[in-house]
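Below you'll find the structure, written out as structure tokens, and then a few comments.
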Amino acid sequence: MASTGLEDPQKACAVCEKVLWFELQPEDVLARPHHATRRALEASAKTCRLCEMVLRAAVANYQDSKGRRNGKGYWRQFNAIKYHDGSGVRDVTYIKGLGSCMPASSTDYNKGLGRAVLGPTGNITADGVHLDDEDEIPNLEALTVTEDETADLPVWLYGNWWAEDEPKVPGDTAHLRLMGVGARFGKTQSHFDAFNCKPNEVQLRGSYLGICADDDSLFTEIPGRLREINSDSDIAFDRLERWLKDCALNHMHCKPAQLNPLLPTRVIDVTSSDRGVVLLETGDQRGRYVTLSHCWGTSSRLMATKESMVDLKQGIAVSYLPKTFQDAIKLTRRLGIKYLWIDCLCIIQDDPDDWEREASAMSQVYRNSYLTISAAASKDSYTGCFPKREKDSYISPASISLGYSNAREATGPRSQSLVYEHTSQLGRKNSIYLFEEWLPGSSFHFPQKTAMGSFGKRFDPVADEPLSTRAWTLQERLLSRRIVHYARDQMYFECESCLKSEDGFIFSDIYFGMKRLLETQRIPYSQHGLAHSAGISFIAGQDAGDKHPGIRWQGGWLSLVENYTMRNLTNSQDKLTALAGVARALAEETSDGYFAGLWGRHFMEDLFWRTYPQEEIEDRRDARSTPVKGKVLGIVRRPAEYRAPSWSWASLDGPIKHIPLSYSNLVSAIVECSTTPAGKDPYGRVSSGKLGIQGPIYEVRPHIPKKRWDRHGIPVEIDLEDERGISTGALHLDIQDEDLSYPCYALFLDPSKALILRTKELEPKHDQNGTDGGEILVSKPILTASDVNRNVARNPTTKGFTFKAIFDVVRIGVGVFVKSAREEDADDDAAEGDRAPKRWDEERDGKLTLDKILHVSGDESWGPITKDDPKVWVTMV
């Protein structure tokens, strides 16, 4: 592609004018010359803004080779390949610089090259995020190159080309997209001669200049776009229309919008007049409609009541409505759609029967909607759908994924706009925009994938918006087939195939959507719990797959519930109702039973949850584990009124976390389960529920550690009363502020993980002499496995009988127990930190092999319980 002429508001120098920035070759192909020396570039940078940007990019490229970027280390990817250089084949190592966050998935289309190896260049957290280095260079402002040998080195430019899809054949360029521009110092244009690059290495250091084009640009190979300052602009609306059209025509996983769906019970007719709208009772009418997802807020607001229904049906001036509703009406009209559904205007809020009936129909309301407008940045109905942005400065999704907070300023003082005439349409102006932003490099032979998560962490770009703090809006987002998010940073479009950002990035696997949710609900039994290929753990009590749980944590019901419990509800009794639409949709697709937030086919996996009000971190420096508390996630409370049985997460308010079980080693079984709906909706509120479960039960006692306690949770123990001895465990109360009273009991689900129980009815505490303790109430006794063993020893004919506890029980927490280790049984009161680690002596102990090291692999458990332990049937309420 050629160009005929260059125009630029900030005049570029003669060297920059000659560069066809959109045709630069990939980093590991021959680069294009820029200035002949670093000194010449520095001189030109005093008057040419683009040269200044190139200089900073080249200096940053050199600094990257030292293993630091933005004041911290980063991940490197290593690929050993056979390199064909024209004269022969040699062994070459490709070293690709990534971000500070570990990529969530494979980075490249590297078919036939073998598995890449990742390595950090600095200190990392348990989640693979690099920590800041205080003594490192904090930003590009401080970057310098002091080595005299670079003064006379030429400066070279290259393009950063990623692949939208996998190349069909070697050399296929149809799917390549230009993501940025890089600069480097080097003796020649060859990547082997890049400054500070070792022989037989190719260092892909990435691009420090981002690139964007206009929406109607003929430079179709540039996917980047400038985000709009005003989300209600004509450009923003045109983008939304293109997204909707692309989804309808090209997304095979997205069902086309219904042309004439059955309308909800009531809708707002936005076409009744230019100045007003009316509330319409639809009967059996059909037609396209738009839905609004918004925060109500705490300020006074207009809503449908028995009294206001007459006025709403007669019509109401648009100017009288809250700003968010006005914006939604404006957008609905621009889309050419007649009807709009807003919850507080289309459901009679002071009519309990109407409210329950309409709430139970929520799944169909959002599933059949043509588009949902998400007022993601608005805190209430008066803020409006379209956030006000005063500066063209924001952190792009790519930088967040990579773990950086450098703001993108695509039209700021460190940016350059260039205007070209495309040879295919002479006279038509086509602009490109260059600005400072780092992206990982890409090889021409195995290009970088464009999807978010392939070059950094996976994240949800609207997770921190005000709308995402509300519980009701989770199902509104999930159930919508197409949704436009008006977020604080930019506009996003989400459908059942992907999520797209306004500035050109694609989130193909954020694990949030009904399609993914349904897939995970249909997994076979063998895919529950800890993965069989989870690796190895040498840390007692930590499962091999702790950091990478099973499929239903990855966009499935478990991750959905964990997200949901982080959100807020105005009415605490709506805990199950606000998720009933999703539950109904899943039940209709899978025919599975639903029990107060838990699913019949996945019941045991859904059952083992714990409250998680604060992040728990394990500091393992100096070969020791120290439990450390991190970010506060929420407050756990019991609701004032009954809402769900104690075994359901819906019985509490506050964040919860599901813990994966060893499914191939389960020791308990569900006998029966039932819930009683509190209303007409079987997926909404419940008035009662009971669970019959049969498994090993042991009495829990306090544990006094002889050495430093290195686990989160309360130290407790159980006595197995056989050769297994005492097993210690960490107990997590559902309500951490409540006192733990003994006796309490551990009902094991797998060899190590147990629900902590007490009887529903309490009794006065008795002292050792049997004296009544008065006001202190404790659990009544529960039949245990030890009781069963003693009974069978006295009466062998009872072996094989079903033993059932007399009293109903409630859960008060969970516990994780480990087998007794011989070193722990020894009389050693010394603190762990006072003992030197034992060295393995091969002459004395033989060759060190894996079977001689205490470990678990796959879904093996550290726990002491086996399937042979006696089981007791209890009824949990």
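Residues take their numbers from the sequence shown, with the count starting at 1. All values below were derived from every heavy atom in this structure, side-chain atoms included, with hydrogens, water molecules and symmetry-related copies excluded.
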Please determine if E356 and R685 form a salt bridge, counting it only when a charged side-chain N lies under 4.0 Å from a carboxylate O.
no
I would like to know whether R567 and L569 meet side-chain contact (heavy atoms from CB on, under 4.5 Å); could you show each step before the answer?
CA-CA 7 Å; R567 298 173 177 234; L569 275 168; over 6 Å; no
Can you name the closest pair of heavy atoms from T875 and K690 and give their distance?
CG2-CB, 4.2 Å
Do S648 side-chain atoms and P645 backbone N/O form a donor-acceptor pair below 3.5 Å?
no
Determine yes or no for a side-chain-to-main-chain donor-acceptor pair under 3.5 angstrom, with T282 supplying the side chain and D284 the backbone.
no
Under 3.5 Å, is there a donor-acceptor pair between the side chain of D574 and the main chain of T577?
no
Backbone of G630 reached by a side-chain donor or acceptor of E615 within 3.5 Å:
no
Please check this pair: side chain of T473 against backbone of S468, looking for a donor-acceptor N/O pair closer than 3.5 Å.
no
In a check of side-chain contact (heavy atoms from CB on, under 4.5 Å) between D606 and each of W647, W599, W649, which one passes?
W599
Does the pair D681/R357 count as a salt bridge with the N-to-O cut at 4.0 Å?
no
What's the spacing between T372 OG1 and H294 NE2 if we round to 0.5 Å?
11.5 Å
Is it true that R610 and E616 have a side-chain N and a carboxylate O under 4.0 angstrom from each other?
yes
Hey, which of V874, L598, L607 is the one that makes side-chain contact (heavy atoms from CB on, under 4.5 Å) with L691?
L607
Check whether Y289 reaches the backbone of V365 with its side chain - one donor and one acceptor, N or O, closer than 3.5 Å.
yes
Does any part of the side chain of Y612, heavy atoms only, come nearer than 4.5 Å to the side chain of E562, both counted from C-beta?
no
Could R643 and D653 be called an ion pair, given the rule that one side-chain N must be under 4.0 Å from one carboxylate O?
yes
Backbone of P682 reached by a side-chain donor or acceptor of R584 within 3.5 Å
no
So, the side chain of D808 versus the backbone of K760: is there a donor-acceptor pair under 3.5 Å, distance only?
no
Output yes when a side-chain donor or acceptor of S687 lies under 3.5 Å from a complementary backbone atom of T676, and no otherwise.
yes
Side chains of F459 and P397, heavy atoms from C-beta outward: is any pair under 4.5 Å?
yes
Is there a donor-acceptor pair closer than 3.5 Å between any side-chain N or O of R470 and the backbone N or O of W296?
no
For R552 and Q521, run side-chain hydrogen bond (donor to acceptor under 3.5 Å, both in side chains): C-alpha distance rounded to whole Å, both residues' side-chain angles, the deciding distance at 0.1 Å, then the answer.
CA-CA 7 Å; R552 294 179 71 242; Q521 285 295 96; 3.0 Å; yes
Looking at K515 and E494, is there a salt bridge between them, counting it only when a charged N and a carboxylate O are closer than 4.0 Å?
no
Between C495 and the options K500, R482, R481, the side-chain contact (heavy atoms from CB on, under 4.5 Å) test singles out R482
Do the non-hydrogen side-chain atoms of L518 and T590 ever get within less than 4.5 Å of each other?
yes
Can you find a heavy atom in the side chain of I865 that is under 4.5 Å from one in the side chain of F817?
no
How long is the span from the CG atom in L371 to the CZ atom in R288, to the nearest 0.5 Å?
10.5 Å
